[in-house]
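One-based numbering, in listed order, for ligands and for the atoms of each. Everything numeric here is computed off the predicted structure, so don't read it as measured data. Throughout, residue positions are numbered sequentially from 1 according to the sequence presented.
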Amino acid sequence: MHPALVRHIVLPLVLRRTWPPLRRRWRELERSQWLSPEEVEAARLAQLRHLVALAREKSPFHRERLRHVDPASLRGREDLARLPVLEKRDVQEHSERILLEDEDRSRLTRSATGGTTGEPTRYYWDDRYWIRSSAASFRAAKMAGFQPGDRHVMIWGTAFGEDEKSRRRQIRQEARQNKLTVPGFELGPDSLPGWMERAAAWQPRLVEGYTSLLVLAAQWILDHGFEGLRPRSVISSAEKLHDHQRRLIEAAFRAPVFDRYGSREVGCIASECDHHRGLHISAEHVIVETLRGEEATAPGESGDVVVTCLSNEVFPFLRYRIGDVATLAEEPCPCGRGLPLMHMSQGRTHDLLTTGRGTYLPGEFFPHLFKDHEGVQAFQVHQHQDRDVTIRIIRTPAWAPEQEAIYKREVHEALGEGIAVRYEYVEEIPRTKAGKLRFTISEVPVDLARHEIEPLAPGGGEDSDE
Ligand SMILES: [Zn+2]
């Protein structure tokens, strides 16, 4: 279907209620990105005060913590330091008390995430959040030369428990929006050629995917001299993009790669423009700080990413330590946007696991799985050289023995016959030498062309370019 037809007819029909405010917000963001940093700052300070006032008045959890903070006294980003940091553990333990108390739950969506460290986190959002967050994503995609309605291939993790019928329905729905999802959890040497042909036939303007899956596809394309897939741009997300991965993906797709950083909890945090000088923070949507402990790090110095989401007014994420490490840049981008730049230093690194069927299973499979199990506080999946797997789990008091059988079955189905899985219930998850908590580690090299190639990520070791 013609992109403009999708954009102006199909999307407004599919989204009905939310499309008009979404389009309005998107247009606002297209304008506000060109404001000066000072103007962007002033607008979001007003929203921050509003959010803090709401949290203080209506969130039982925040009320106690913010009782000494007068919202009107917040005059700059440095004043944020007077607010306590919200840790993942706080959200895990107090999500029902963080939620504003008079919210009608029937109009909210409850979500969960496995997050960087594999600890499931539960939270809520409403339509207004969805609209603002989607508008931020639309703008980020537009920086990469893509608009809703353009032909689009996503190499992504598919949802669980989907039967053939609902999957076919999804494919039909997506096709009406000019979108094709390649099920990343099923890619392997046998299925890659078929999916790459299909993606090529789709003639996408954009290919978007988890970094590790784009690398997998890129490696296959280069190994086979495949010429068919020629998007205008590639968006890499969900995982840290290393320089050697960017080079590999750009060589295979012959298109520029745009890195994007976001999270399930707060949506699009930052994205690259065509100058590739760093990631522009979605400043109207989130405030990003970098901290070491409680102290702010200087520009250019790496620290824990702490995010305040200005768009979620029902579940205030105020100074939320999200589990990634980055640096904030001081210098502006030559593109002229007033949105500040950041650089990712470490991030989520997932390994691909090898299944008994000879396909690859992205590490992202596991946070999706465990987020549905309240009894799991953290986990680590480790595939050894002989392909057997050890899964270490830290349990919470909500642990129920019957859930064990459910996830054991799902893990067995995902990994297939011939892979022995050992479960260890532990008090602590071992970290890498660099102190990183990695929740999937594989020591099995990914071998696409059935000859020796480099593993996608060093198994259990450090990343070379950090
Ligand atoms: Zn720029």
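Checked for salt-bridge contact, E96 and R105 meet the test: a charged N lies under 4.0 Å from a carboxylate O. Ion pairing between a basic and an acidic side chain is recognised when a charged N comes within 4.0 Å of a carboxylate O; R107 and E103 show such pairing. Ion pairing of R319 with E289 is present here, as a side-chain N (NZ or NE/NH1/NH2) and a carboxylate O approach within less than 4.0 Å. Using a 4.0 Å cut-off between charged nitrogen and carboxylate oxygen, R75 and E78 do not count as a salt-bridge pair.
Side-chain N or O atoms of E250 include one that pairs as donor or acceptor with a backbone N or O of V257 at under 3.5 Å.
Shown here are the protein N/O/S atoms lying under 2.8 Å from the Zn ion (ligand 1), water excluded: C273 SG, H280 NE2, C333 SG, C335 SG.
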Exercise for review: In sequence, state the C-alpha distance, the side-chain angles, and the governing distance for T327 and H343, and then conclude on side chain to side chain donor-acceptor pair (under 3.5 Å).
Suggested key: CA-CA 5 Å; T327 57; H343 302 274; 5.2 Å; no

